[in-house]
Structures are given as C-alpha cells and as structure tokens.
Amino acid sequence: MSKVKDPSLAPQGELKIEWARVHMPVLRKIQARFEKELPFRGITIGMCMHLEMKTAALGQALKAGGATVAITGSNPLSTQDDVASALAASGAHVYAWKGVNPEEHHENLLRVLGHNPRLVIDDGGELSVSIHTERQQLIPDMIGACEETTTGVHRYRALEKDGLLKYPVIAVNDAYTKYLFDSQHGTGQSALDGVMRATNMLIAGKTVVVGGFGWVGRGIALRAKGFGAKVVVTEVDPVRALEAVMEGYSVMPMKEAAKVGDIFITATGCSQIITSEHFGEMKDGAVLANSGHFDVEVDVKGLRQLAASTRIARQNVEEFKMMDGRRLYLLAEGRLVNLAAADGHPAEVMDMTFADQALCAEYLVKNKGKLQPKVYNVPADIDKTTARLWLETHDIKIDNLSQTQSQYLNSWQ
Ligand SMILES: NC(=O)c1ccc[n+]([C@@H]2O[C@H](COP(=O)([O-])OP(=O)(O)OC[C@H]3O[C@@H](n4cnc5c(N)ncnc54)[C@H](O)[C@@H]3O)[C@@H](O)[C@H]2O)c1
C-alpha cells in the first residue's frame, strides 16, 4: 500500500536510485551481507527521511535484509516524486509527494506508524515524537530508533532529559563518519549547489554570510570561499567564532552582516537567525537561503509582512519587493536549500551515513532488550567499520601499527 504522486514515474526514479547505488559501494556491500543474513526478518522499519535517491537505496538495503519498510518524507520540498514511485514499485510502503502541506505530512507520519514499526529511522525526530505523543500503543514492542540529524538528536536528548524517552536511540548524526563528511562536505557542496541552481549567480566576489559555524556552517563557508566569495560568519558560541576567525573568515553579529551580505545561508539549527531587524538593513538583490533542518531560521512570515509585493522570480526563488524598492530573494521558501533546490548530498558521502544507519539498525536488533531508553552514541566499531569499508571500496590502503608501535602507544614508560 502506498500513496505517491504518480506511480508511472517509477522507471525514471529507478534510474536515479541505480545511479546512487553505483556511487554507494559500502551500502552495496552491507546489502549483500544483509541478503544472506536477513537481520530484519519479520521486522517493520518506519522511516521519515528526505525521500530522494540515496534514501531509497537505504530503504532497499533494509528491505533486502528482510524488513518491511514504511516511509514518508521529512520535508515538504525534498521528496522526489519519481524516486518515491520507484521505491513503492520495489515493494516499500511509501507515503510521500513533493509539496505536502502540514496536515498531509502529519497524516503520512501516522500512515507509516499504521504499519506498526518496531524500528524507526528518523531525520528530525518526527516519527518518535508521534509515537511518544499519539501512538503510545507501539512503545512496548519498539526495539529502538536511529536519528539522522543534529536537530533530531537535540529533540531526542530533550525527551531523555525530561525522563520521557521510552526506547533506545542511536545518535547516528554524531558518528565521525557522519558529521565530518556528510554534514561538512555533503552540505557544504550541496547547499552551494542549491543556491547556484536556483539563482545561476556567480559566487566569486560576492560576500556570503554563513549563520552558524558548526559542521554544516563550516562546510558551506569552505566551499563558498573556494568559489571566490568573501565569507562572513555569525555565531553565538565563542569557541566556534574563534575557529572561524582562525580559518580567515570575518566574524560579526547578524545585524552588521546584514548590511554587507550578498548571499545569506543559515545553518544553526536555531530559530530567528534572519528577522525583520535585518531585512531593513540588506542590500538590494540580497539572496536568503537556509540549510538548517527546519524552516525557522529565516523569518519568512516577517519578510512577507514587510514586503510591498512578492512574485516568483524563478523556480525556487521568490522575490520580495520592499516598500523602499529594494528586492530580497528567498530561496526554496526558507527550507533546506540543498534538498529543495538541488539533489541533496552527493551519494559518496551518503554512502557513509547510510552505512552507519544500516549498521546501527542491525545493532539495535542484535541488542534488543539489552539497551536502556537512552540516547546512545554510535558504537566505535561501527564508525570504524564504515570508514574501513569506504577506504577499501575506493581502493585506498593505509598503514597498520606494528607490534612495536602498539606496545609504544600502550606503554607509560
Ligand atoms: N541541509 C542538510 O542537508 C543538513 C545536513 C546536516 C545537518 N543539517 C542541519 O543543519 C543544522 C546545523 O547542524 P550542525 O550539525 O552544523 O550543528 P552544530 O550544532 O554543529 O552547529 C550549529 C552552530 O550554530 C551556532 N548557533 C546556534 N544558534 C545560533 C544563533 N542564534 N546565531 C548564530 N549561530 C548560532 C551554534 O553555536 C553552532 O556552532 C541543524 O539543524 C541540522 O539538523 C542540515
């Protein structure tokens, strides 16, 4: 059972999934093992993730491991309808289409939960928040959940802090083989890709303001610098601000940055980063984009209230004409620009992230009943396995410690 926009798009979507799989050798290797060992036999896995080609490849790997997969999208604009159709045609239960409204999104979450998942793979914590608040009858049989992104990990940790978390969760986002590569290099490349596809603007010579210098922000700053931009960083954490200074970026409050920026990209995971107090300071033609999880970083409602008129200037670009004649351009409704206006992260980095997801899901099943209702870090073995497999599948060899070296490192003398 599925609900997608147009099932006839499946062949086109299957081609995209195949393309992703070609560039995901680690996941292919894990899938081949899953096909033999069937770690998820008899288990339904509920997924709420950006439904594009790499996610579909993960869904198919889990299915190959014996799981029944039920999935919905984690963002209204990131679902690719052809990929959703192809995944449905391959036997998953898919409830997703591009442009869902909030009510439809909520219905789709409940449709996924209607399949009684015992494992959840979340991107933003949405399925688990629904289980904890609206579908508590699922809790006794839950094996656990894996969380994909920083914002979701914050939500799970908040549930745990309040003593309300009811099953074990693995913070997949916090694996080295996730945030060092996916958050940093994946988002760095794809957020710039989204801005460039949406605007077709030259980055060289522009001032790019990056909100937040976390793993995502530093990736965006690095790629913007690589394209020849002057990069300005805004931060609230003094250590991260200091890192940005030492990397050679200008650091200043958003109120100051608002006056000099040509392109703004937020990536804080916080809310109200660019608001009415900043729109009035901005240059004519400034471009506003967000790469943080939720569409709360640019105050779109405030922008709409200030505008004299709006129009769609290009696909994924809305023009806001201000009372004084200046035009501000909002990309992808202030939602994740890399997924809404481009194809999300390159498959090579998602190969690591989704290898972590697949291995963490397997770990939860293997340790069923032994884990507490807590947020766990990714076991170091899994992180190392993913890194080792990635190097192996790219034919990159490294040195091994000799016995003498091992002894040296483990000695206090
Ligand atoms: N677009 C994507 O595909 C993608 C990929 C990974 C993560 N994310 C999302 O991106 C966001 C950031 O993730 P991260 O892993 O970099 O998190 P992080 O915690 O490493 O970094 C966030 C940074 O923002 C700073 N910050 C917080 N509030 C701020 C404010 N008001 N003004 C300025 N700076 C502020 C923090 O001090 C921190 O340094 C999260 O919402 C995450 O879920 C998106």
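Counting convention: from 1, in listed order, for ligands and their atoms alike. Quantities reported herein were computed from a predicted structural model and do not represent experimental measurements.
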Looking only at protein heavy atoms, which one is nearest to atom 12 (C) of ligand 1, and what is the separation? Ala267 O, 3.5 Å
What I want to know is whether Thr150 and ligand 1 share at least one N or O pair that is separated by under 3.5 angstrom. yes
Could you list which atoms of ligand 1 come closer than 4.0 Å to a heavy atom of Cys270? 28 (N), 31 (N)
Donor-acceptor pair, Asp284 side chain versus Arg327 backbone, under 3.5 Å? yes
Side chains of Glu52 and Thr55 only: does a donor on one sit below 3.5 Å from an acceptor on the other? yes
Element-labelled atoms of ligand 1 that are located less than 4.0 Å from some non-hydrogen atom of Thr149: 6 (C), 7 (C), 8 (N), 9 (C), 42 (C), 43 (O)
Nearest protein heavy atom with distance in Å, relative to atom 9 (C) of ligand 1: His293 N, 3.6 Å
Taking atom 22 (C) of ligand 1 as the reference point, the nearest protein heavy atom with its distance: Thr268 O, 3.5 Å
Do any heavy atoms of Ser291 fall under 4.0 Å from ligand 1? yes
His345 near ligand 1, heavy-atom distance under 4.0 Å? yes
Between Lys29 and Val26, is there a side-chain heavy-atom distance shorter than 4.5 Å? no
Can you report which non-hydrogen protein atom sits closest to atom 29 (C) of ligand 1, along with the distance? Val236 CG2, 3.6 Å
With respect to Asn338, determine whether any N or O atom, backbone or side chain, lies less than 3.5 Å from an N or O atom of ligand 1. yes
So is there a nitrogen or oxygen of Ser271 less than 3.5 Å from a nitrogen or oxygen in ligand 1? no
Is Trp215 near ligand 1, meaning one of its heavy atoms is under 4.0 Å from it? yes
Looking only at distance, does Val216 have an N or O less than 3.5 Å from an N or O of ligand 1? yes
For atom 30 (C) of ligand 1, the option (of Ile273, Asn173, Asn75) bearing the nearest heavy atom: Ile273
Can a cation-pi geometry be assigned to Arg240 and Phe213, taking NZ or CZ under 6.0 Å from the six-membered ring centre and within 45° of the ring axis? no
Give me the nearest non-hydrogen protein atom to atom 21 (O) of ligand 1 as residue plus atom name, then the distance to 0.1 Å. Gly214 CA, 3.1 Å
Would you find a donor on one side and an acceptor on the other, under 3.5 Å apart, between the side chain of Thr72 and the backbone of Tyr95? yes
Give the single entry among Glu235, His154, Glu297 that approaches atom 37 (O) of ligand 1 most closely by any heavy atom. Glu235
Approximate separation, where rounding is to 0.5 Å, of Asp162 CG and Leu159 CG: 7.0 Å
Would you sort out whether Glu247 and Lys225 count as a salt bridge (charged side-chain N to carboxylate O under 4.0 Å, His left out), showing the intermediate values? CA-CA 11 Å; Glu247 293 292 334; Lys225 184 176 171 182; 5.4 Å; no
Looking only at heavy atoms, what is the nearest atom pair of Ala347 and Met24, with distance? O-CG, 3.7 Å
Can you confirm if the aromatic rings of His132 and Tyr156 lie within a centre distance of less than 6.0 Å? no
Compare Glu147, Arg240, Gln184 and give the one whose heavy atom is closest to atom 20 (O) of ligand 1. Arg240
Distance check, rounded to the nearest 0.5 Å: Asp122 atom CG versus Glu147 atom CD? 5.5 Å
I need the nearest protein heavy-atom contact for atom 40 (C) of ligand 1: residue, atom name and distance, please. Thr151 OG1, 3.4 Å
Selected option - heavy-atom contact closest to atom 5 (C) of ligand 1, from Val210, Asn290, Thr187: Thr187
Do we get Arg388 above Trp390's six-membered ring, with its NZ or CZ under 6.0 Å from the centre and within 45° of the axis? no
Quick one: does any side-chain atom of Arg326 pair with a main-chain N or O of Met322 as donor and acceptor, under 3.5 Å? no
